[in-house]
K.L.:
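Encoded as C-alpha cells, here's the structure I'll be asking about.
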Protein chains: 2
Amino acid sequence: MKSKKAPTLNQRIRSDIESRILSGEWEPGYRIPFEHELMEQYGCSRMTVNKVLTTLAESGMIERRRRAGSFVARQPPHLEHVALEIPDIAVSVIQRGHAYGFQLLEHAHRKARAGQAEELALVGAGKLLAMRCLHLADGKPLALERRLINPEAVPETLEVDFSVQPPGSWLLQNVSWTRGEHRISAVAATAEEAALLQVPAGTACLTIDRQTWRGEQPITWVRQKFLGDAYDLIARFAPGNR
Amino acid sequence: MKSKKAPTLNQRIRSDIESRILSGEWEPGYRIPFEHELMEQYGCSRMTVNKVLTTLAESGMIERRRRAGSFVARQPPHLEHVALEIPDIAVSVIQRGHAYGFQLLEHAHRKARAGQAEELALVGAGKLLAMRCLHLADGKPLALERRLINPEAVPETLEVDFSVQPPGSWLLQNVSWTRGEHRISAVAATAEEAALLQVPAGTACLTIDRQTWRGEQPITWVRQKFLGDAYDLIARFAPGNR
DNA sequence: TAGTGGTCTAGACCACGCT
DNA sequence: GCGTGGTCTAGACCACTAC
C-alpha cells in the first residue's frame, strides 16, 4: 500500500493544468480559463489560482496578458537553456559503478605567472595555489586536471592535504560560491597529456574550463580534460524548469 | 534621466535579502528574520514576506525549517545544475560575427534501419526523415550534422525544403516540444567526417547528441560534430537560477 | 507545547491594454 | 470604458518540530 500525502490544492490545480497542456488537450495559443472561472471551478479564492498561474508563467509554460487572459505558451521554454549536470568527479565515478582513484601530480604555492591569463585573472599580483592531478576510474586514467585556487578567498585551503582529497571535492563541500562560468570544448591531448592519460597523442578529450566567484572575488579556476570516449556530460530539459 | 518603474514591495524585499546574502553580510547558516519580524520591518502583511521567502527557498538561496526559522543556504544552489546554452547554430555563427552557410548532403524518407538504435527509438517500425548536413562559418566547415525527424510527430516536415533552411532552425521556429535530452562528449573525426570537415582524420570534435519529445512522442534526434577548436559551449551560473 | 512556516480565504485597489 | 491580471491585506487554521 502506498500512502501519499494529500497534495495541496495549489499542487492539484497546477498539475491539472500542466497535464492538459502536455497532453496536447490545450494546444499552444489556447486561452486557459480566467482566474475567476478557475476560482469557481475549484471553489477556492483568487489568490490560490493566481499563485498557480503566476508560477506557470514564470516557468514559461503559459503567457499572461492583462485584459486578454492567460494562454498556453507558443514557444515552449527556451531551448537555449537546459540544465547541465557537472557533478563532482569522484561522486560521478562511484555512481557509475567504478572505483575512484586520485593522484596529486604537482602542488605549488606561488605567484601568478606573467604569461598565464587565467592565473592573473584569479589572483592578480598575489599568490595562488596551483595543482595538477589525475582522476582514475578502476585504476585507469580518466581525466587530467589543472586547478588554481585563490588563497585570499579560501585561506583554509593552505592547510588541506590535497594528496588525499581531490581539490574539487573539498571545494564543493567546504566553499560556497555565487557565480560560475563554464566553457566546454573538444581538444586533442598533447603528447605529455596523452602520456599521463595513457592514450595515444592526439586523442580527443572533452575539456571543461570552469571559474567560480563569491561575489566579485574569484575562488578557483580549473581545466579538466576527460577522455572523450570514457566520459560524457548529460543535460536534460523538462518543462517547469528554466 | 533614467525613470525606473517603482519596484513592487515584493521585489524590494527580495532584492534587499538577496543583496545581504550575496554581499556576505548574512553568511551561510545565518538565520534571517522571522516572517513576523519582516512584516513589521516592512509594514506589510505576512503573505507578502512569505511569498518572497518561498521564492528564495525555491531558488535554493535559503532553507526553511518549521519552528526554527529561515536560514541562508549552506550550499549555494547546486553546482550540478547550470544553465547551458545550446543555441541555433545559424544564429550563433552570425552572433559571433561570421557568415553562416549550409549544405544539405543527404536527404531520405525511409524506414528505420535495424542496426540503428536511435532510428528505431524515434519511429519504431514507421518511416523517418533522415538528413545529413554541413554547417559553415565564413565558408569553412564548422559542424557536421546527422538529423532524424519523426514525420508522424511533424507531418509538415515533409513539405519543407531543407536545401535552403537547416532543419534545426526550422524545427526551433516551428515545432514545440516538452522534453529534451543531451549528451555531450569528445570524439575523433573519422576519415570520412574529416574529409567533409576539411581537417586531418582524428581531429577532436565536440559531439552533441540531442533527442526531443512532445509528451511521449519523439520528435527529432540529432548528432552534431563540431570542430573542437572552432566551437565551444558556454554555461553560466548565477544565484536565483536553478 | 509553543512558535514557526505552509496554506488558504475573502476581500481590496490599481495598472494595463483590448474593444 | 471595463475586464483582466498584479499586487497586497488582515486575518485564519493547520502541521510540523525544536525545545
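Predicted, not measured: the structure shown is a model, and the values here were computed from it. The chains referred to below are lettered A, B, ... by the order of the sequence lines, with proteins before strands, and numbering in each begins at 1.
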K.L.:
Pull out every residue in residues 41-51 of chain B that has a heavy atom closer than 4.0 Å to any atom of DNA chain D, ordered by number, or say none.
P.N.:
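When residues 41-51 of chain B is checked for heavy atoms under 4.0 Å from DNA chain D, the hits, listed by number, are G43(B), C44(B), S45(B), R46(B), M47(B), T48(B).
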
K.L.:
Considering residues, nucleotides and ligands other than E152(A), do more than 12 of their heavy atoms fall under 6.0 Å from its CD?
P.N.:
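Atom CD in E152(A) is not packed in, count stays at 12 or less.
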
K.L.:
Using heavy-atom distances to pick each residue's nearest nucleotide on DNA chain C, tell me which of A68(A) and F34(B) is more 5'.
P.N.:
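With F34(B) and A68(A) compared, the 5'-side residue is F34(B).
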
K.L.:
Quiz question: by atom type and distance under 3.5 Å, do the side chains of Y100(A) and D138(A) form a donor-acceptor pair?
P.N.:
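Per modelled atom types, Y100(A) and D138(A) side chains form no pair under 3.5 Å.
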
K.L.:
Could you tell me whether the side chain of N150(B) and the main chain of V123(B) form a donor-acceptor pair under 3.5 Å?
P.N.:
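The answer is no, because no donor-acceptor pair under 3.5 Å joins these two groups.
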
K.L.:
Just checking, any donor-acceptor pair under 3.5 angstrom between side chains of R147(A) and T220(A)?
P.N.:
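The criterion, which ignores hydrogens and geometry beyond distance, is satisfied for T220(A) and R147(A).
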
K.L.:
Looking only at side chains, do Q211(A) and E181(A) share a donor and an acceptor under 3.5 Å apart?
P.N.:
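There is no such pair between these side chains.
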
K.L.:
Atom NE2 of H36(B) to atom C1' of dG3(C): distance rounded to whole Å?
P.N.:
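Going from NE2 in H36(B) over to C1' in dG3(C) covers 9 Å.
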
K.L.:
Between T8(A) and N10(A), is any side-chain donor less than 3.5 angstrom from a side-chain acceptor?
P.N.:
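Short answer, no.
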
K.L.:
I62(A) CD1 to dG5(D) C1': how many Å, rounded?
P.N.:
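These atoms are roughly 11 Å apart.
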
K.L.:
Side chain of E35(A): nearest nucleotide among dT7(C), dG5(D), dC16(D)?
P.N.:
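Of the options given, the side chain of E35(A) lies nearest dG5(D).
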
K.L.:
Just the rounded figure in Å: distance from C1' of dG3(D) to CG of L38(A).
P.N.:
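About 16 Å, once rounded to whole Å.
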
K.L.:
Is the phosphate of dG17(C) approached by R65(A) (side-chain N or O, under 4.0 Å from OP1 or OP2)?
P.N.:
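No, outside the criterion.
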
K.L.:
Rounded off to whole Å, could you give me the CZ-to-P distance for the R31(B) and dG3(C) pair?
P.N.:
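Whole-Å distance recorded here is 14 Å.
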
K.L.:
Does the side chain of S70(B) get closer than 4.0 angstrom to OP1 or OP2 of dG5(C) through an N or O atom?
P.N.:
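Answer is yes, contact under 4.0 Å.
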
K.L.:
Please name the residue in the list V52(A), L53(A), T54(A) that meets the side chain to side chain contact (heavy atoms under 4.5 Å, CB included) test with N50(A).
P.N.:
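Output: one option passes, namely T54(A).
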
K.L.:
Using whole Å, what does the distance between atom P of nucleotide dC8(C) and atom CZ of R12(A) come to?
P.N.:
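That distance rounds to 10 Å.
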
K.L.:
In whole Å, I'd like the distance from the CZ atom of R64(A) to the C1' atom of dG6(D).
P.N.:
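Taking CZ of R64(A) and C1' of dG6(D), I get 8 Å after rounding.
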
K.L.:
What is the distance from CD of E40(A) to P of dA10(C), rounded to the nearest Å?
P.N.:
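Those two atoms, CD and P, are 13 Å apart.
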
K.L.:
Need one value for L9(A): base, sugar-phosphate or nothing, where a base atom within 4.0 Å counts as base even if backbone is also close, heavy atoms only.
P.N.:
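Sugar-phosphate: the residue L9(A), judged by heavy atoms under 4.0 Å, touches backbone atoms but no base.
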
K.L.:
Which of the following nucleotides, dC8(D), dG5(D), dA18(D), is nearest to the side chain of N10(B)?
P.N.:
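Among dC8(D), dG5(D), dA18(D), the one nearest the side chain of N10(B) is dC8(D).
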
K.L.:
Would you kindly give the CE-to-C1' distance between M39(A) and dT4(D), to the nearest whole Å?
P.N.:
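It works out to 14 Å between those atoms.
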
K.L.:
Between dG6(C), dG3(D), dG3(C), which nucleotide gets closest to the side-chain atoms of R67(B)?
P.N.:
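Closest nucleotide to the R67(B) side chain: dG3(C).
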
